[in-house]
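First the structure, in the form of structure tokens, and then the observations on it.
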Amino acid sequence: MDLEKTSSRLDHVGITASTLCAVHCALVPVLFTSLPLLGLGFLANVWVEWGMIVLALIIGVYSIGLSYLRIHRQLLPLTFLVTGFTTIMLGHAFANGWAEAVVAPVGGLFIAAAHFVNYKYSGACKHNGHKHQLKEVAE
């Protein structure tokens, strides 16, 4: 199995999952009373929320962790990933109502950013079949 292709695919899935998580966290409190009318009451279920968090965690640790160990050795994606999950956890533990609806999506966007940066680092580290030191991603 080609690690770079697998990592790239997982980064795409991770970006999508964490962005959906951010949208979910931002919209569910706003639309909470309307969800059952639309047949989407299951989205307000705590198990759906924790399922999204666990899915994003598994994909993030696997994709970004393996890319870090085997491809780029850059700390920025890991830093964004940890910051994202820390923000989500702190938001769930200490924020209520509108504050949680702001804090948790910020965490999800950090996770999406972690996958995006990881994707860029993973693709930028090979040239003509040889690995080289990455100098700058944002050029």
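Just so it is clear, the structure is predicted and the values come from calculations on it, not from any experiment.
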So which atom in [X] and which in [Y] form the shortest heavy-atom distance, rounded to 0.1 Å?
{"X": "T79", "Y": "T83", "result": "O-OG1, 2.7 Å"}
{"X": "F85", "Y": "I53", "result": "CE2-O, 3.6 Å"}
{"X": "S67", "Y": "S122", "result": "OG-OG, 3.5 Å"}
{"X": "I111", "Y": "L81", "result": "CG2-CD1, 4.0 Å"}

[atom2] on [Y] to [atom1] on [X], rounded to 0.5 Å:
{"X": "I59", "Y": "I64", "atom1": "CD1", "atom2": "CD1", "result": "10.5 Å"}
{"X": "I88", "Y": "E100", "atom1": "CD1", "atom2": "CD", "result": "10.5 Å"}
{"X": "F80", "Y": "T87", "atom1": "CZ", "atom2": "OG1", "result": "11.0 Å"}

Examine [X] and [Y] and state if one hydrophobic cluster contains both, with Ile, Leu, Val, Met, Phe, Trp and Tyr joined whenever side-chain heavy atoms are less than 4.5 Å apart.
{"X": "L69", "Y": "L78", "value": "yes"}
{"X": "V61", "Y": "W50", "value": "yes"}
{"X": "V106", "Y": "V117", "value": "yes"}
{"X": "L57", "Y": "M89", "value": "yes"}
{"X": "W98", "Y": "L90", "value": "no"}

**Q.** Plane angle bin for H72 and Y121 - parallel if under 30°, tilted between 30 and 60°, otherwise perpendicular
**A.** tilted
Q. Does any non-hydrogen side-chain atom of Q74 lie less than 4.5 Å from one of Y68?
A. no
